[in-house]
Trainee: 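Please see the structure below; I have some questions.
What you see is a predicted model, and the numbers here were worked out from it, not measured in a lab.
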Amino acid sequence: MREAARAASAGPVNLDGVNPRIRNRIMAGVLVLMFVVVALAAALGN
């Protein structure tokens with residue numbers, strides 16, 4: 001778990017060499033994952 005936390009706090013990830021379609025898919029996936037985490041936190045907070 002510490003490695004994951006260290007990787008998350010390492011700073012922005014360089015996605016310059018990634019295909020734009022793949023990059024868009026990754027960013028959309030991150031956005032959906034963030035939405036799910038926020039929705040779960042709101043549901044569990046009540």
Side-chain angles (χ1 to χ4, degrees):
M1 188 63 187
R2 287 185 180 180
E3 292 178 9
R6 193 178 313 132
S9 64
V13 178
N14 185 7
L15 293 176
D16 289 339
V18 179
N19 185 356
R21 182 177 292 166
I22 301 296
R23 183 173 55 217
N24 287 343
R25 214 172 263 189
I26 291 171
M27 298 304 273
V30 168
L31 187 65
V32 168
L33 185 63
M34 287 172 53
F35 179 76
V36 168
V37 168
V38 169
L40 274 174
L44 294 176
N46 287 338

Trainee: Quick check for you: to the nearest 0.5 Å, what is the distance between N19 atom CG and I26 atom CD1?
Mentor: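 Going from the CG atom of N19 to the CD1 atom of I26 covers 9.5 Å.
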Trainee: Taking transitive links into account, so neighbours of neighbours count too, which hydrophobic residues share a cluster with L40 at under 4.5 Å side-chain distance?
Mentor: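 Reading the cluster by chain and number, L40 sits alongside V32, V36.
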Trainee: Rounded to the nearest 0.5 Å, what separates atom CE in M27 from atom CZ in R23?
Mentor: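 Going from CE on M27 over to CZ on R23, the span is 8.5 Å.
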